[in-house]
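A short worksheet on the structure shown next.
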There are 2 protein chains.
Amino acid sequence: MVTSITSDAVRERCAHCPGRSHSICNVIDDDELPILVAESARVQVAKGRAFIEEGTPAHEFYVLTEGRVKLFNLLPDGRRQIAGFAECGDFLGLAAVDSYAFSAEAICDVTLCRFSHSGIDRLTQRFPHLEHRLRDEASRELTIMQRRLVLLGRKTARERLATFLIEQSLPPCCAAPDLLEKEEKPIKIKLLMSRTDIADYLGMTIETVSRTLGVFKKEKLITVQGVTAVTLLAPHRLRAIAEGNG
Amino acid sequence: MVTSITSDAVRERCAHCPGRSHSICNVIDDDELPILVAESARVQVAKGRAFIEEGTPAHEFYVLTEGRVKLFNLLPDGRRQIAGFAECGDFLGLAAVDSYAFSAEAICDVTLCRFSHSGIDRLTQRFPHLEHRLRDEASRELTIMQRRLVLLGRKTARERLATFLIEQSLPPCCAAPDLLEKEEKPIKIKLLMSRTDIADYLGMTIETVSRTLGVFKKEKLITVQGVTAVTLLAPHRLRAIAEGNG
DNA sequence: CGTATTGTTGACTACCGTCAAGCCCAGTGG
DNA sequence: CCACTGGGCTTGACGGTAGTCAACAATACG
């Protein structure tokens with residue numbers, strides 16, 4: 001399950017954001033990659049397996065190099081809140097001081113790059129830029145969280161789902177949801193998750209998710225192809241709904 | 001309004017957490033404090049004034065040295081979600097990449113220590129520890145955010161308010177709400193905010209806050225002295241409710 | 001002491017959650 | 001090839017939680 005990582009595996013870059021990489025390696029020169037490689041291990045996790053459990057002591061830190069992961073918290077009676085989905089290049093374990101603040105589960109087969117905290121410390125000493133990089137990443141996470149608080153605390157089901165659809169239509173690394181503002185052609189998106197996951201992400205029930213999609217369909221805001229494909233017919237209207245003017 | 005900061009002003013420490021300081025200065029030796037002072041400015045903000053506005057370009061960074069601040073987001077129609085309250089020693093501006101992700105308003109008269117981003121960069125170059133400190137702070141923020149997502153996404157009004165009361169009964173810097181677990185004497189707390197703020201913090205309405213407090217009173221879980229003082233009669237039961245077993 | 005603001009309480013309503021039945025589709029085996 | 005099965009999704013009926021609107025009480029403030 002754990003083998004030495006190849007240089008390539010830590011050099012993932014985000015195709016959607018030219019010039020910007022989410023991986024840890026963009027602060028490390030190519031000829032120093034072996035140092036990075038020496039501090040990390042490659043980990044593979046099978047679809048559906050949880051590999052981080054909320055509350056357990058946090059000694060490690062991950063970079064996702066392949067696949068998708070969901071991060072969530074549970075209440076004792078099973079209620080679940082999904083905090084977010086991690087993609088290729090994302091960091092896992094920033095929200096951990098002594099113990100992990102979340103659980104993580106592989107949505108599909110997943111490859112990770114694992115670093116011990118002490119390994120990260122050695123790397124940050126060697127590459128001071130890395131520390132800045134990690135703070136930067138944490139800041140970006142925090143801004144995303146802020147918007148999620150508004151969504152969960154103050155938006156209606158309709159607004160939540162509209163927000164979700166718009167969010168899904170943007171490239172994964174665009175924190176600001178107003179990039180494609182003027183783009184008004186229909187946008188086809190793939191929902192990479194089940195209704196249950198959508199519901200737990202938006203703080204709703206699967207029934208309400210389903211019903212609200214139904215309403216959007218009736219209002220000709222979207223069309224649905226099968227279960228996972230959705231076309232946004234009127235992105236501008238959805239965006240308005242998402243922001244509370246619906 | 002802006003004067004040069006005194007050394008004392010940046011040396012706030014958290015009385016509740018011996019050995020731990022939330023201020024920026026605990027990574028800087030006393031004899032190097034002048035360097036810190038040179039990079040910062042003292043700012044005073046009057047009660048009720050907003051001094052950071054969501055979406056404006058973020059060029060600065062603050063440490064709160066006196067008073068209390070609320071951080072929030074607004075929807076266009078006025079719905080408000082309070083993300084949190086900052087206390088003495090807290091950092092403001094971590095959740096900002098290019099522009100601020102939140103607005104900030106002084107709850108009472110407030111004193112801040114202001115750093116330009118470029119000033120912070122100079123400081124982090126001089127004191128590499130500071131960068132780690134900032135990341136650490138961002139991580140702590142993130143873990144707090146995780147719990148807030150569960151609260152807003154999955155908890156009932158009753159559970160939210162119980163969580164809030166327990167939270168208020170803990171020293172401000174205790175991220176883990178299970179420290180005083182065994183402490184079962186009544187706990188007297190001061191609510192340092194209006195019902196409106198509580199409601200906007202918990203994603204509810206003031207009426208529901210008021211009613212739910214009424215229910216807690218009837219169930220002899222709390223007593224209320226005036227409007228701002230509450231005594232938790234059965235902290236363990238409240239804690240159970242807060243976690244979803246109530 | 002009167003006015004304004006903030007908090008409480010009540011009646012009503014609506015949104016969304018719960019429960020239950022039925023549908024769709026993929027995978028399996030006859 | 002088709003029936004069968006099971007899981008995920010949709011739809012409907014119903015009810016409860018919490019929001020809205022409004023009146024009143026309490027507290028703060030000049």
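What you see is a predicted model; the values in this text were computed from it and never measured. In what follows, every chain begins at residue 1, and chains take the letters A, B, ... in the order their sequences are listed.
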Show the numbers, then the answer: is there a side chain to side chain contact (heavy atoms under 4.5 Å, CB included) between A/Arg211 and A/Phe216?
CA-CA 9 Å; A/Arg211 263 188 268 272; A/Phe216 284 169; over 6 Å; no
Regarding B/Arg147 and the six-membered ring of A/Phe102, is the cationic atom NZ or CZ under 6.0 Å from the ring centre and inside 45° of its axis?
no
Tell me whether the guanidinium CZ or amine NZ of A/Arg114 lies under 6.0 angstrom from the six-membered ring centre of A/Phe51 and within 45° of its axis.
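Judged by the rule, A/Arg114 and A/Phe51 form no cation-pi pair.
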What class does the angle between the rings of B/Phe61 and B/Phe91 fall in, given that below 30° is parallel, 30 to 60° is tilted and above 60° is perpendicular?
tilted
Angle between terminal axes - the helix from C/dC1-D/dG30 to C/dG30-D/dC1, 5 pairs each end, rounded to 10°:
30°
For chain B and DNA chain C, what are the first and last nucleotides along the strand, 5' to 3', with at least one atom under 4.0 angstrom from a heavy atom of the protein chain?
C/dG7 to C/dA11
Base-contact (B) and sugar-phosphate-only (S) positions in nucleotides 12-20 of chain D, heavy-atom cut-off under 4.0 Å, - elsewhere:
BB----SSB
Checking A/Phe72 now: which residues fulfil ring-ring contact (aromatic ring centres under 6.0 Å, His included) with it, not counting sequence neighbours?
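A/Phe72: no ring-ring contact (aromatic ring centres under 6.0 Å, His included) contacts found.
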Is it true that B/Lys47 and B/Asp109 have a side-chain N and a carboxylate O under 4.0 angstrom from each other?
no
Looking at B/Glu159 and A/Arg79, is any side-chain nitrogen of the basic one under 4.0 Å from a carboxylate oxygen of the acidic one?
yes
Check residues 219-227 of chain B and write down every donor-acceptor pair under 3.5 Å in which the side-chain atom is one partner and the other belongs to a residue at least two apart or another chain.
residue  : atom : partner  : partner atom : Å
B/Glu219 : OE1  : B/Arg158 : NH1          : 3.3
B/Glu219 : OE1  : B/Arg158 : NH2          : 3.1
B/Glu219 : OE2  : B/Arg158 : NH1          : 3.3
B/Thr223 : OG1  : B/Gln225 : NE2          : 3.0
B/Gln225 : OE1  : B/Thr231 : OG1          : 3.2
B/Gln225 : NE2  : B/Thr231 : OG1          : 3.2

Got a sec, which residues hit side-chain hydrogen bond (donor to acceptor under 3.5 Å, both in side chains) with B/Tyr100, two or more places apart in sequence or on another chain?
none
Answer yes or no: is there a side-chain heavy-atom contact under 4.5 Å between B/Val69 and B/Ile107?
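B/Val69 does not reach B/Ile107 side chain to side chain.
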Could you check how far CZ of A/Arg195 sits from P of D/dT11, rounded to whole Å?
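After rounding, the reported distance stands at 10 Å.
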